[in-house]
Structure formats: C-alpha cells, structure tokens
Number of protein chains: 2
Amino acid sequence: MTRIVKDPEKRRQEIVAAAKALFQTKSYEHTSMNDVMQSLGIAKGTIYHYFKSKEELLVAVTESIVSDSLPAIQRLVTETPGSALDKLHALIASTHLTAEDGIIQEHLRQPANQGMHTRLLATAFREQAPLYAELIRLGCDEGLFHTEYPLECAEFILAAVQFLTDIAIYPWTAEDLGRRVQAFPTLVETQLQAPPGSFAFLPDIFENRR
Amino acid sequence: MTRIVKDPEKRRQEIVAAAKALFQTKSYEHTSMNDVMQSLGIAKGTIYHYFKSKEELLVAVTESIVSDSLPAIQRLVTETPGSALDKLHALIASTHLTAEDGIIQEHLRQPANQGMHTRLLATAFREQAPLYAELIRLGCDEGLFHTEYPLECAEFILAAVQFLTDIAIYPWTAEDLGRRVQAFPTLVETQLQAPPGSFAFLPDIFENRR
DNA sequence: AACACGATGACCGACCGCCGGTCAATCAAA
DNA sequence: TTTGATTGACCGGCGGTCGGTCATCGTGTT
C-alpha cells in the first residue's frame, strides 16, 4: 500500500482524536486497536509506534479531553460576574458537560466503561480542584465561607459528590441519588460554613443531568 | 475424564472462593478463566454454567468479600466500649483490613485492576455506610455531633476519604496524600460539627496503612 | 422391596473469533 | 546513506460457546 508519512506530532494527535471519538461512542473496553487503526486507515504497528499499549493511549485520550476543556472552564470563572458563590454556581452547572467533551454518551454510564471513566474523573478532578479552591478562597475573603483548607475542602466536596452521584462508578438506585442530592446543600454549606440556603441550587443542577 | 458432580451450591462457592484467591493475588485483569478452572480442576464450561461472564463472577466475588467481612465489623462496633467517637475510632482503624479480606495485596494497589477495586469499594461502601450512620446518630444523641443527615453525612465523608486516599483509583503523589490526611481531622470535624480535636487520630491511622 | 427407565441439569473440553501486541521488512525524507 | 516512520502478517492467549456426556433421582412397574 502507498505509504503516507506525516509529521509525528500531527500523526500522534490524529490517533488520539480517533481513539477519543471511538472511546466516547463505543466505550474504551469495546473499542479494539483494530477499530482505531481502521478508522484512520493506518497499520496497527503505527499506533504502537506512538503508544506502547492500549492503556497508554487511554491516558493520552483522557488527558486530551481534560486539558481541552480546561480553558473554557477557566474563562467561565473569570467572565461570570458576581460573588464567589455566583461563580461557583456557574462552574458547577457547566462542569459535567465540559468534562466529557460536550457530549455525555450513554456508554459512559455503563459499568463496562470503568477503566476510562474512573481515570477521566480523577484526571479532571486533579485539574479542576484548584479552580474550585480558588473560588472557595475568594468566598472566604468575602466572608461567605470559612475554612482553613480551601484546596482540600474543594477536593473533599468534589470527590464525595462525584463518587455518590456517578452511576458509572456504581449502579446507585434512584432512591440513593434523590436522597443524597437532597442532603447536598446542607452538607456542603456545613463543610464550607456558608449561610443556609447558599447551595440550594444544587438539586436543580443534578435534576437536569438525567 | 472422571466426572465429579457436587451440590450446585457448594460448587458455586468453590468457584467463587478460587476466583477470590486468584483475583486477590494476581488481580482480576491478570486472572484468566483458564486460571480459575485449572486451580479447581474443572472444565471451563462448568464455570460458565454458574456465571454467564467473567464480570458476573467478579460481582459474586466482591459481594462475597464484603458480606464475609460485615459481621466482624458489626461485632467490633457493638463490643467496643465508650462513646460514639470511640466506636468510630475503632471502626475506622479496622476498616481497610477487613474490607479486603485480611490481606491488602500489593496488586490491589496497581491501576491494573481498577475493575475489581472500584467495584469492591463501592460494594463495601454500600454495606458499611449505614453502620457509620448509626454511630453518627449515636454521637448526635450524645451531643458530640450535629447533623440533620446522618446517613448522607457518613456517605459523604466515606466517599471523599476513599476517593482521595486510594492510589489504586488514581496514582496520587505522596504530597497529595500527606496534604489531605493533614486536613482530614478539621474537615471531618466541620462536617460533623464535632469538637476540635475529635478526629485528631485520623492521620495516625493513614500513616499505618502504607 | 428391588429394579428399570426416562428426565434433568451438572459437567466436559474442543473449538471459535478476536484481541492486544510484536517485529522484520520496507520506504519516504533529510 | 542514514534515519525513523510505516507496514501488515503473525502470535499466544483470552473470554466465551456448544453439542454432547453422564451422574442423579423421581416415578411407575414388577
């Protein structure tokens, strides 16, 4: 077959892009390296020239998804007017959408996809926690919140909420979810020592995510 | 080969036990159905007669691990004397050991067996959260803690702590871990509205888990 | 009471398609 | 001529299937 040589950087990005599309539509586990290679019209060896395993390709894909969505999130924070709480509200409302590249695939909700999903969450989490921490710090300056550990507090809340509402991690029942979402405002307000009602908007956001 | 027929219930338990041993020593991903079948001296079809997929076998194994360890935990709670806080202390100190069947395998820490690890965590979490909730409720009665949502509060804290300290979920750095563990006492005390210092014992426990 | 006889379903293991991964050969570009 | 990007036939092993075997046992017959 006629051989097409490309700039390695471009080729690498092509592979990541193709794999990303497939992983998001078919899930990581159900996408074979053959699928990736065929969707690009290249040989299997070429992929393995750039990534030494399927798992390494997964890491590259998740990092790509997360880092692509970060600038948009940062812009959102700086451009949303109002108090730290207003910015937090906007950030929370937008997070899930951006974290998964604009589309929440049904496949991502299936337990089959754990490998990619957990990794994606943890990676997104790692990059986004500092943003939340900054807003919490701002809220403390405004006298709205009170905490000695803004970053750890952000991590604490984000981790809990993610773990307890993500049915790709565990098939929680509708009762579990409803019960938790109802408690979240109070729990978060307690953790941040924020005025009662500050986070009353949380249930609405989770309602819209169904 | 000579055919050995056993009570289906016994056979099923044998398979789960064998799979459990292998999953814990070699990890789920690195254990093949051939391994399981050979360790029992039975045919592959027999396993598939009882479990329709490898994943279904995993579910059975995790449920077995968790439900086996539950009675011991419950006994611990009722037998530990003192306040709700004392009981909580004992419970937290013992949790990890029991949850993974007495042995924390190095393999369980490797990202390779996410599938089993996350499922194990979530299953254990589901069964154990009510226990913690009961202690929190008790603490509220004693006037030590204050919360409207004992169960959700327990879930919140457990989920956060688990997610943020488990390096099988994500390869957190030593800095991340140290930073978080240091913040945990204050965060948990805030969440439960407990007196400062109540949970000062937390860092010690995490130190011993290395 | 002893036996013969289906029916049941636990059990077997050869077999399948496919998967992730390898590598010697090839060829475009510098 | 050298370099390294690219190829694709090939491999061992995986999860899973399936036609078939045989131990067990309830039931009807003697």
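Of the two residues contacting DNA chain D, namely A/A43 and B/N34, the nearest-nucleotide position lying further toward the 5' end is that of A/A43. Between B/D7 and A/V5, the residue anchored nearer the 5' end of DNA chain C, judged by the nucleotide with its closest heavy atom, is B/D7. Map A/D35 and A/G45 each onto its nearest nucleotide of DNA chain C; the residue landing nearer the 5' end is A/D35.
B/Y48 has no side-chain polar atom (N or O) that falls below the 4.0 Å cut-off from OP1 or OP2 of C/dG13. Listed pair A/R3 / C/dT26 fails the phosphate criterion, with no side-chain N or O lying under 4.0 Å from OP1 or OP2. Residue A/R11 places at least one side-chain N or O under 4.0 Å from the OP1 or OP2 atom of D/dT6. A close approach under 4.0 Å does not occur between any side-chain nitrogen or oxygen of A/H49 and OP1 or OP2 of D/dT6.
One atom, OH of B/Y28, and another, P of D/dC14, lie 13 Å apart when rounded to the nearest Å. To the nearest angstrom, C1' of C/dC11 lies 11 Å from CD1 of B/I4. Atom-to-atom, CZ of A/R12 to C1' of D/dT6 comes out at 17 Å; the value is rounded to the nearest Å. The interatomic distance linking A/Q38 (CD) with C/dC19 (C1') rounds to 13 Å, in whole Å. In this entry the distance linking CE of A/M33 with P of C/dT22 reads 10 Å, nearest Å. Rounded to whole Å, atom C1' of C/dC16 lies 10 Å from atom NZ of B/K44. Rounded to an integer number of Å, the gap from B/K6 NZ to C/dC12 P is 10 Å.
The side chain of A/Y50 lies closest to D/dA5 when the candidates are C/dG20, D/dA5, D/dG16. Ranking D/dT17, C/dC12, D/dT6 by closeness to the B/T46 side chain, first place goes to C/dC12.
Among the heavy atoms of the strands lying under 4.0 Å from B/K54 are primed sugar atoms or P, OP1, OP2 only; no base atom is included. B/S32 comes within contact range of the sugar-phosphate backbone alone, with a heavy-atom separation under 4.0 Å but no base atom that close.
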Point to revise | Steps toward salt bridge (charged side-chain N to carboxylate O under 4.0 Å, His left out) verdict (B/R119, B/E63) | key: CA-CA 9 Å; B/R119 189 164 249 120; B/E63 278 169 3; over 6 Å; no

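Of the possible donor and acceptor atoms, one in the side chain of A/R180 sits under 3.5 Å from a partner among the backbone N and O of A/L164.
Between the side chain of B/K52 and the base of D/dG16 there is no donor-acceptor pair of N/O atoms closer than 3.5 Å.
You'll find the ring centres of B/F199 and B/F201 inside the 6.0 Å limit.
If you run side-chain contact (heavy atoms from CB on, under 4.5 Å) between A/H89 and each of A/L135, A/I205, A/L202, only A/I205 comes through.
When all heavy atoms of B/R137 and B/P150 are compared, the closest pair comes out as NE-CG, 3.8 Å.
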